[in-house]
Structures are given as C-alpha cells and as structure tokens.
Amino acid sequence: VVADGVEGAAGVPATALAIDVQVEIRGLVSRADLNGKRGKIVLHDPESGRYEVRIEGPAAERVRCLPDNLSAIVLKHSPKKVQGDAAFKEGRNDQAIALYRQALQEDAQGDTDLAATIYSNMSAAYAKKGDHQRALEAADEVIRLRPSWPRGHSRKGLSLLSLGRHAEAQASYIKAVKCDPTTDGYLAGLRQATEKLCAGAGDVNRQTEAEAYKAKGNDAMKAGQ
C-alpha cells in the first residue's frame, strides 16, 4: 500500500474557472437549493460559456452554470502548511507533521477548508512513515470537517487497508467513489480493498463471501465507468 501525496495551496484567483477547480455555487434562481453547495468543475462548454459542476456528496449530481454563478474556492495562505508540504516531499515526515500541527494552531482556526486540508496532508505523512493508526485518526478529522469531501474517505480507506481492516476499507473507498466516481486513485483503492476481502474470505463460506464483497465493489465502481 502506497500513501498518496499532499494537497497544495489552492491559490487560484476568483476568476480562474477551469476543469478540476473547486467551486461554490451561488445566485441560482431555478435551482436555489444548490446555492452554497460545493463541487468540482468537470466540463466547460465554450459555445454556451457554461461550466458543468459535479456537486460534492454521494449523489454526485451535475449542474451546468454560468461563470457568474460560480466562485472558485481559495484556501487561506498558511506558511507552516507550505513548509510542511515541502518537508513531506523531501521525506522528512516527522518535521512535516510538526509543521502541520503548527499550521492548525496558527492559521486554521475557524477555517474549515484549510483545517481539513491540513489534516488530510497530516494523514498522508503519518501513512508514509507507517503510523497507520494516527493516519486513520487524522483522516477521521478530515471527514468530521468535510464529510462530503472524497479525499477524507480515501485517506481513511488507505489507513484501514494498511491496518488489515479490509471490510471497513472497502466501505470507506465506496464512499469516496460515490462522492467522486472519476478519480482513478479512489477506484484503485476500492479494487484493492475488494481483492483483499475476496482473498481473505473464510474457507467454509469462501465463495459466498467473496461474491458478496465483489458485488459491493463492482456496484460502486460502475459509477466510475
């Protein structure tokens, strides 16, 4: 199991709408229920000028919006987080974790998005050094702060997989895939968890258990096809 990387600063100007940019929907009249919802731009239609946004959450609803109805989400700048990211990339995981803790105290108070991103990166650092229990605890903090963000569920899935808790890992990856069915890393994690479950099914009911686990994984992965 390989830990994936950390999230860098999302320092894009409010006008920089593009594919993969995180946005918040605002000012919709026909779908006022979506105002305040967050999602990721997945498609741009130059002819109409509209952007297609996949809303965060298990429903993964898509909506087409004009630029005036979208606001790019910009993370607050955190010097300690930037230093932590650099330490992580250089393999100095203990230093990265210490810097992330300082960033939480100094920069992320009252900022849910920044705190969730820092905890996500901290989970990655713990995973990289092999401390999967603490990586799991950090991932749980991500989910507490941003329950519809697939990254938190993916971090949790990786930690659980590394701890040998394969059924829980599969459940976490299923949540990640339901929130974002197009990211290859989430689908790969789900496949790995499902394969581990199938391989570890008990001898007596091995075939029945394996088929049940496989069915769960396949149902979730169909969303990414």
Side-chain angles (χ1 to χ4, degrees), residues 1-7 20 22 37-40 42 53-62 93 97 100 112-113 115-225:
V1 178
V2 179
D4 46 2
V6 297
E7 283 80 39
D20 288 335
Q22 295 287 329
K37 298 283 187 181
R38 296 186 170 193
K40 183 167 69 173
V42 295
V53 178
R54 185 176 60 243
I55 308 297
E56 283 187 356
E61 182 180 0
R62 296 191 180 205
N93 297 306
I97 291 165
Y100 290 144
T112 300
D113 289 335
T117 300
I118 292 170
Y119 273 117
S120 176
N121 291 2
M122 187 185 296
S123 179
Y126 274 125
K128 200 69 178 287
K129 64 177 288 189
D131 191 342
H132 300 295
Q133 182 57 45
R134 289 191 176 180
L136 175 60
E137 292 167 4
D140 280 333
E141 285 298 309
V142 180
I143 295 168
R144 180 183 66 80
L145 292 163
R146 290 187 63 188
S148 295
W149 191 28
R151 175 66 73 176
H153 297 291
S154 174
R155 297 284 193 214
K156 184 171 184 175
L158 175 63
S159 301
L160 290 166
L161 198 59
S162 301
L163 290 167
R165 294 159 61 178
H166 301 144
E168 294 171 85
Q170 186 194 48
S172 290
Y173 277 119
I174 285 174
K175 289 178 181 177
V177 168
K178 284 183 176 180
C179 290
D180 181 356
T182 62
T183 296
D184 290 340
Y186 305 157
L187 292 165
L190 177 55
R191 290 191 192 97
Q192 188 174 5
T194 301
E195 288 168 2
K196 293 281 188 181
L197 277 170
C198 291
D203 291 335
V204 177
N205 298 310
R206 187 181 187 88
Q207 184 173 357
T208 302
E209 289 183 26
E211 287 175 355
Y213 293 136
K214 187 175 181 180
K216 279 186 181 179
N218 287 343
D219 286 345
M221 283 186 279
K222 283 177 184 177
Q225 293 178 349

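Note that the numbering runs from 1 along the sequence shown for the chain.
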Next on the checklist: Assess the residue pair V142 and R155 against the criterion (side-chain contact (heavy atoms from CB on, under 4.5 Å)); give the C-alpha distance rounded to whole Å, side-chain angles, the decisive distance to 0.1 Å, and a yes or no.
Outcome noted: CA-CA 9 Å; V142 180; R155 297 284 193 214; 5.5 Å; no
Side chains of [X] and [Y], heavy atoms from C-beta outward: is any pair under 4.5 Å?
X: R165; Y: L136; answer: yes
X: R62; Y: I55; answer: no
X: Y186; Y: P150; answer: yes
X: R134; Y: S159; answer: no
X: D131; Y: E137; answer: no

State, to 0.1 Å, how close [X] and [Y] come at their nearest heavy-atom pair, and which atoms those are.
X: G157; Y: A169; answer: O-CB, 3.5 Å
X: Y100; Y: A125; answer: CE1-CB, 4.5 Å
X: A167; Y: L197; answer: N-CD2, 3.5 Å
X: C179; Y: S148; answer: SG-O, 3.6 Å

For the [atom1] atom of [X] and the [atom2] atom of [Y], what is their distance to the nearest 0.5 Å?
X: E195; Y: L161; atom1: CD; atom2: CG; result: 10.0 Å
X: L163; Y: Q133; atom1: CG; atom2: CD; result: 6.0 Å
X: S123; Y: I118; atom1: OG; atom2: CD1; result: 13.5 Å
X: C198; Y: H166; atom1: SG; atom2: NE2; result: 11.5 Å

Checklist entry - How about R151 and S120: does a side-chain donor come under 3.5 Å of a side-chain acceptor? => result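 Per modelled atom types, R151 and S120 side chains form no pair under 3.5 Å.
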Item to check | Positive for salt bridge (charged side-chain N to carboxylate O under 4.0 Å, His left out) with E56, one of K175, K40, R146, K178 | outcome: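 Filter result, single survivor: R146.
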Are any side-chain N or O atoms of [X] and backbone N or O atoms of [Y], one a donor and one an acceptor, separated by less than 3.5 Å?
X: T194; Y: L190; value: yes
X: H153; Y: P147; value: yes
X: S162; Y: L158; value: yes
X: T117; Y: D113; value: yes

